[in-house]
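These notes concern the structure reproduced below.
This is a predicted model, so every value here is computed, not measured.
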Amino acid sequence: IARDNWFSAIKPIVLAERLAIGNKFGIYVNLANCYAMSGMYGKAMEFTLKAMDCAPDDKIDILSNQRTQLNNRMVALEKNKKQLRKMGVI
């Protein structure tokens, strides 16, 4: 799926989150995935953590791995930004 398609899926899922009653685990997972695939790792982390708060026990390990991967991506991006600043690019 193209990055634009992931990004365009966010708005209707956010609307579904607002309208949903009860456990929003599936919605949070979908939002986390859409944000991650759109390169918005901070928002992806936010919804991964929300999903972990209401996840069934058998999904915790998967979400924990996703949290680790997102953290690694955010750390790598920050390092890249620092290098670009040193080079005067940004």
Side-chain angles (χ1 to χ4, degrees):
I1 297 176
R3 183 170 286 198
D4 291 344
N5 292 342
W6 288 102
F7 183 78
S8 65
I10 293 170
K11 187 174 181 179
I13 300 172
V14 167
L15 178 60
E17 178 200 10
R18 290 182 187 148
L19 299 175
I21 298 171
N23 190 320
K24 299 180 183 182
F25 169 74
I27 293 172
Y28 294 151
V29 168
N30 287 329
L31 280 170
N33 290 334
C34 287
Y35 280 120
M37 296 304 293
S38 298
M40 302 170 71
Y41 302 124
K43 291 296 282 185
M45 180 67 81
E46 174 186 338
F47 284 98
T48 297
L49 295 174
K50 284 185 176 188
M52 289 179 80
D53 286 342
C54 60
D57 291 339
D58 65 331
K59 303 296 183 191
I60 295 295
D61 286 342
I62 294 167
L63 291 168
S64 181
N65 289 336
Q66 182 170 334
R67 180 185 60 196
T68 299
Q69 290 175 0
L70 288 168
N71 188 60
N72 291 343
R73 288 179 185 173
M74 289 189 292
V75 167
L77 281 175
E78 192 57 37
K79 285 181 182 178
N80 290 340
K81 283 181 187 178
K82 286 180 182 179
Q83 288 176 340
L84 291 171
R85 282 187 192 108
K86 284 181 182 178
M87 295 168 51
V89 175
I90 58 172

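Going from atom CE of M52 over to atom CG of D61 covers 8.5 Å, rounded to the nearest 0.5 Å. Taking NZ from K43 and SG from C34, the interatomic distance works out to 13.0 Å, rounded to the nearest 0.5 Å. Separating the CZ atom in F47 from the OH atom in Y35 is a distance of 5.0 Å, to the nearest 0.5 Å. Atom CG of N80 sits about 11.0 Å away from atom CZ of R85, to the nearest 0.5 Å. The CD atom of Q69 lies 6.5 Å from the CG atom of N65; values are rounded to the nearest 0.5 Å. Rounded to the nearest 0.5 angstrom, K81 NZ and I90 CD1 are separated by 7.0 Å.
Under a hydrophobic-cluster definition in which Ile, Leu, Val, Met, Phe, Trp and Tyr are linked whenever side-chain heavy atoms come within less than 4.5 Å, directly or via other members, L70 and L49 are assigned to the same cluster.
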Please table the atom pairs, donor to acceptor, closer than 3.5 Å between any side-chain atom in residues 9-33 and protein atoms at least two apart or in another chain.
{"unit_1": "N23", "atom_1": "OD1", "unit_2": "F25", "atom_2": "N", "d": "2.7"}
{"unit_1": "N23", "atom_1": "ND2", "unit_2": "C54", "atom_2": "O", "d": "3.2"}
{"unit_1": "K24", "atom_1": "NZ", "unit_2": "E17", "atom_2": "O", "d": "2.9"}
{"unit_1": "N30", "atom_1": "ND2", "unit_2": "G26", "atom_2": "O", "d": "3.2"}
{"unit_1": "N33", "atom_1": "ND2", "unit_2": "V29", "atom_2": "O", "d": "3.3"}

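The backbone N or O of D4 lies less than 3.5 Å from a partner atom in the side chain of S8, making a donor-acceptor pair.
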